[in-house]
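Quick caveat: nothing in here was measured; it's all calculated off a predicted structure.
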Amino acid sequence: MMINKGILFVLIGAACFGFTPVFAKLGFSYGYSLGQINIVQMVSSFILLWSFTLLKGSSFKGLSIKNIPQIMMTGCFIGLTSIFYYGSMQYLPASLSIILMFQFVWIGFLLEWIFSKVKPAPITIVSIIFILIGVFFASNILNGEIQGLPIKGFLFGILSAFTYAGFIYFSGKVAVQVDAWTRTSLMATGSAILVLIVFFKDIPSIFPLEGHLLLTGAGVSFFGSVLPPLFFAVGAPLVAGGIANILTSIELPIAILSASIILSEAITPLQWLGTAIILAAIALNELGTNFFKLRRHY
């Protein structure tokens with residue numbers, strides 16, 4: 001029963017991420033800038049997470065003068081991902097930006113190889129090839145849909161994948177002994193500071209805070225920075241790591257589906273095929289790796 005509850009929580013947390021593009025696109029449709037959306041999101045996340053952490057009475061045990069800046073710098077990757085991810089959506093359909101950002105999966109393997117000297121297993125290399133094949137179909141390049149779209153949008157999308165992969169890599173290495181909520185709040189502090197510095201000139205335009213801007217910022221904050229950590233913190237310890245990674249991939253179809261239904265973006269059968277190949281490749285890597293480990297064990 002506990003495992004079922006854990007699976008449910010991880011699925012809900014990952015699904016929440018899938019709704020952030022809707023709020024970002026909504027903000028752009030109201031005429032708000034990239035800076036305005038990011039500032040409201042990160043400041044809202046900072047306030048909400050610290051409020052929850054303090055009210056919950058989370059432990060500060062394990063924090064030091066050395067690891068506090070490290071945790072905050074790890075949080076800067078969240079801020080950069082938000083900047084690049086939403087920046088990509090200014091120029092590309094949300095569904096395409098989502099697919100580009102989701103390349104963090106194979107980039108994460110690359111970072112492990114470069115920094116941790118963990119060479120990808122053969123099954124991982126096969127999975128990466130299938131992910132790239134999936135991207136080919138999901139980008140709708142065969143129908144010529146990407147022709148004429150700004151290169152800047154693709155650049156931002158790929159950069160968001162690298163920064164998100166960097167966040168996942170370093171968040172698993174830095175001060176892991178510190179309470180999860182305290183770490184998350186410090187990361188939110190780092191990302192908020194980064195965004196305020198990058199978009200310093202946009203700060204005056206935030207005030208007076210309009211209802212539509214508050215809705216947009218609160219939406220991306222709530223679904224991108226508050227709810228997912230909450231559900232992951234509860235559910236992830238109750239399921240195996242490999243299964244958790246597979247479950248979090250539900251973010252991709254949820255994000256594309258929400259872009260199709262709520263934003264009325266046209267999603268072709270080939271794009272759905274590409275999405276299915278990407279998800280299958282992720283499952284292949286996780287299940288295949290665990291299978292070979294089990295065989296070696298016996």
Side-chain angles (χ1 to χ4, degrees), residues 10 13-14 16-17 20 38 41-42 45-46 49-50 53 58-88 100-120 124 128 131 156-198 220-221 224-233 235-237 241-242 244-249 251 282 285-286 289:
V10 172
C16 286
F17 272 124
T20 55
N38 272 282
Q41 176 194 2
M42 294 307 170
S45 300
F46 170 83
L49 285 169
W50 272 116
T53 298
S58 299
S59 172
F60 291 89
K61 184 179 179 181
L63 288 178
S64 65
I65 296 176
K66 180 181 179 181
N67 64 22
I68 288 177
Q70 291 176 338
I71 297 172
M72 291 174 64
M73 288 182 67
T74 301
C76 289
F77 282 99
I78 302 176
L80 288 171
T81 300
S82 178
I83 292 170
F84 293 137
Y85 189 29
Y86 303 154
S88 176
L100 291 172
M101 192 276 285
F102 223 78
Q103 300 317 296
F104 76 85
V105 176
W106 66 265
I107 293 172
F109 296 135
L110 187 63
L111 294 181
E112 286 282 353
W113 191 1
I114 294 173
F115 294 108
S116 299
K117 309 303 180 185
V118 178
K119 188 176 180 180
T124 299
I128 290 173
I131 288 173
F156 282 159
I158 289 297
L159 286 174
S160 73
F162 274 97
T163 54
Y164 191 45
F167 165 69
I168 293 173
Y169 176 81
F170 289 108
S171 65
K173 308 290 183 184
V174 175
V176 292
Q177 77 282 0
V178 177
D179 178 85
W181 280 106
T182 302
R183 288 177 70 230
T184 304
S185 297
L186 284 170
M187 288 178 186
T189 304
S191 62
I193 292 172
L194 172 74
V195 166
L196 288 171
I197 291 173
V198 172
V220 289
S221 173
S225 306
V226 177
L227 285 180
L230 173 61
F231 285 111
F232 287 159
N245 287 337
I246 296 172
L247 294 174
T248 55
S249 64
E251 173 194 348
I282 295 170
N285 178 72
E286 298 298 336
T289 301

Kindly indicate whether the side chain of [X], heavy atoms from C-beta on, has any atom under 4.5 Å from the side chain of [Y].
X      : Y      : result
Thr184 : Thr53  : no
Thr189 : Phe46  : yes
Met72  : Ile193 : yes

Residues forming a side-chain contact (heavy atoms from CB on, under 4.5 Å) with [X], sequence neighbours excluded:
X      : result
Thr74  : Phe167, Phe170, Ser171, Val174, Met187
Lys66  : Ser64, Gln70
Leu196 : Ile39, Val43, Ile203
Phe115 : Leu111, Tyr169

- [ ] Output all residues satisfying ring-ring contact (aromatic ring centres under 6.0 Å, His included) with Tyr86, sequence neighbours left out; order by chain, then residue number.
- [x] none
TODO: Quick one: list whatever passes ring-ring contact (aromatic ring centres under 6.0 Å, His included) with Tyr85, sequence neighbours left out.
DONE: none
How long is the span from the [atom1] atom in [X] to the [atom2] atom in [Y], to the nearest 0.5 Å?
X      : Y      : atom1 : atom2 : value
Met101 : Leu159 : CE    : CG    : 13.0 Å
Gln177 : Lys61  : CD    : NZ    : 10.0 Å
Ser221 : Leu227 : OG    : CG    : 9.0 Å

TODO: List the atom of Leu49, the atom of Ala188, and the distance in Å for their closest heavy-atom pair.
DONE: CD1-CB, 3.6 Å
- [ ] Search all heavy atoms of Ala175 against all heavy atoms of Ile71 and return the closest pair with its distance.
- [x] CB-CD1, 3.6 Å
By side chain to side chain donor-acceptor pair (under 3.5 Å) - contacts of [X] (at least two apart):
X      : value
Ser160 : none
Thr163 : Thr81
Ser88  : Ser97
Ser191 : none

Task: Donor-acceptor contact below 3.5 Å, side chain Asn38 vs main chain Gly79 - done: no
- [ ] Just do the side-chain contact (heavy atoms from CB on, under 4.5 Å) check on Leu186 and Leu63 with the steps written out, would you?
- [x] CA-CA 10 Å; Leu186 284 170; Leu63 288 178; 3.6 Å; yes
- [ ] Mind jotting down which residue pairs meet the side-chain hydrogen bond (donor to acceptor under 3.5 Å, both in side chains) criterion with at least one end in residues 102-111? Sequence neighbours excluded, please.
- [x]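 Qualifying pairs: Gln103-Trp106.
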Open item on the list: Would you say Ser58 and Thr182 are linked by a side-chain donor-acceptor pair, where the criterion is simply a distance under 3.5 Å?
Closed with: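 Ser58 and Thr182 do not have a side-chain donor-acceptor pair below 3.5 Å.
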Task: Any side-chain donor near an acceptor of the partner, Trp181 and Ser59, under 3.5 Å - done: no
Open item on the list: Between Phe104 and Phe102, is the ring centroid distance below 6.0 Å?
Closed with: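 Between Phe102 and Phe104, which both carry aromatic rings, the centre distance is below 6.0 Å.
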